[in-house]
There are 2 protein chains.
Amino acid sequence: MTTHALPQPTRAELAILRVLWKQGPSTVRQVHELLRGTQDKDTGYTTVLKLLQNMTEKGIVQRDESERTHVYEAAISETRTQRDLLRDLMDRAFGGSATSVVAQALSMKRASAEELAEIRRLLDAHEKRGK
Amino acid sequence: MTTHALPQPTRAELAILRVLWKQGPSTVRQVHELLRGTQDKDTGYTTVLKLLQNMTEKGIVQRDESERTHVYEAAISETRTQRDLLRDLMDRAFGGSATSVVAQALSMKRASAEELAEIRRLLDAHEKRGK
DNA sequence: GGACATCTACGACGGGCGTCGTTGACTCTT
DNA sequence: AAGAGTCAACGACGCCCGTCGTAGATGTCC
């Protein structure tokens, strides 16, 4: 198999990944500035650089160094990462029960009617596919 | 407000909490042994003790020291903890979208027909209540 | 009452994470 | 060509987490 066992992104790394997923390939400076816009926390430039270097080493981002100013790009998909993280939490806190997770997700949000309808649609689609 | 801002349990702490939630008030030894049954990881006795002491300090477990052998009990509810953890992950990885979380939860599990029915039931109940 | 087991308490450490200062290379402007 | 700005690289630090060794107190058994 040997599929993939890329290390889970840490909190700070995930924040950076979210920028890359949204903006596409970016320089350190771009990531740094966009991060400022998103986060309340103020992260230094060199911190972001270091994080991106670490992430490159781990293989969760890819770096283009053809130009002097390097360009970074996410090397793992958002969906896959979400799945891995949710799977992990589900196992650790919900005894592996997807039902419990959904229950909590519903109970927590002032889940808008729109959201509820969307979820129902998902459910239908999923059920049909399964059958 | 001032409700509560108890620190989030760490991974190892959460594993212990799960034992306490399931078994109710327990001694260190009991937790230690039950943990062995659940986990693949082999944790030393003093490690569990230390963890429980830390957790007591943080206020996420409560300790009865009336007897020589202390008895520990979870001080935060399972449901609340699940909610907090899921909320955190939802914000960090799903942009706060409950819908996305549900979508991932569904897509990941070979969600049994039984589970799907249960989820649908939850959805109905939730929708009715909201209306 | 001595030997042994059980339990809590204390302190230490190794690793990882997030943080940043500093340095040296490169580039641009004037 | 000098000075100012930008950038990647490196190393260090403080913190927290999980781990455990060891000590000391308390109980138990012959």
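Every value quoted in this text rests on a predicted model; they were computed, and no experiment measured them. By convention in this document, chain letters (A, B, ...) are assigned in the order of the sequence lines, proteins followed by strands, and residues within each chain are numbered from 1.
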Taking the side chain as C-beta and beyond, is there a heavy-atom pair between A:Q82 and A:L85 under 4.5 Å?
no
Separation of D:dA9 atom C1' from A:L49 atom CG, nearest Å, is 8 Å
Rounded distance in Å - CD (B:E67) to P (D:dG27):
10 Å
Please report the C-alpha distance between B:T69 and B:Q30 in whole Å, then the side-chain angles of each, then the deciding distance to 0.1 Å, and finally whether the side chain to side chain contact (heavy atoms under 4.5 Å, CB included) criterion is met.
CA-CA 11 Å; B:T69 302; B:Q30 288 171 326; over 6 Å; no
Find out whether B:E115 and A:V102 are in side-chain contact, i.e. whether some heavy atom of one side chain is under 4.5 Å from a heavy atom of the other.
no
Check every strand shown and say whether A:T10 touches a base, only sugar-phosphate, or nothing at a heavy-atom separation below 4.0 Å.
sugar-phosphate
Between D:dT22 atom P and B:K50 atom NZ, what is the distance in whole Å?
16 Å
Between which nucleotides of DNA chain C, 5' to 3', does chain A make heavy-atom contacts below 4.0 Å?
C:dC17 to C:dT27
Given atom NE2 of A:H32 and atom C1' of D:dA8, what is their separation to the nearest angstrom?
15 Å
How close do A:R29 and A:Y45 get, heavy atom to heavy atom, and via which atoms?
NH2-CE1, 3.6 Å
Can you check whether B:E73 reaches B:D64 side chain to side chain, under 4.5 Å on heavy atoms?
no
Step by step, would you call B:V101 with B:L89 a side chain to side chain contact (heavy atoms under 4.5 Å, CB included)?
CA-CA 9 Å; B:V101 171; B:L89 184 64; over 6 Å; no
Does anything in residues 23-31 of chain A reach DNA chain D, meaning a heavy atom under 4.0 Å, and if so which residues?
A:V28, A:R29
Could you check whether A:Y45 gets within reach of a base, just the sugar-phosphate, or nothing at all, counting any heavy atom under 4.0 Å?
sugar-phosphate
Residue pairs fulfilling salt bridge (charged side-chain N to carboxylate O under 4.0 Å, His left out) with at least one residue in residues 52-63 of chain A, sequence neighbours excluded
A:E13-A:K58, A:R63-A:E65
How is B:Q53 classified with respect to the nucleic acid when contacts are heavy atoms under 4.0 Å: base, sugar-phosphate, or nothing?
base
5' priority, DNA chain C, between B:V71 and A:D42 [closest heavy atom]
B:V71
Nearest-Å distance, NZ (B:K41) to P (D:dC17)?
17 Å
Between B:E33 and B:R36, does at least one N-O distance fall below 4.0 Å, as a salt bridge requires?
no
Over all strands shown, is B:T69 touching base, sugar-phosphate only, or nothing at heavy-atom distances under 4.0 angstrom?
sugar-phosphate
Decide side chain to side chain contact (heavy atoms under 4.5 Å, CB included) for A:Y72 and A:I16; before the verdict, give the C-alpha distance in whole Å, the side-chain angles of both, and the deciding distance to 0.1 Å.
CA-CA 10 Å; A:Y72 292 86; A:I16 289 181; over 6 Å; no
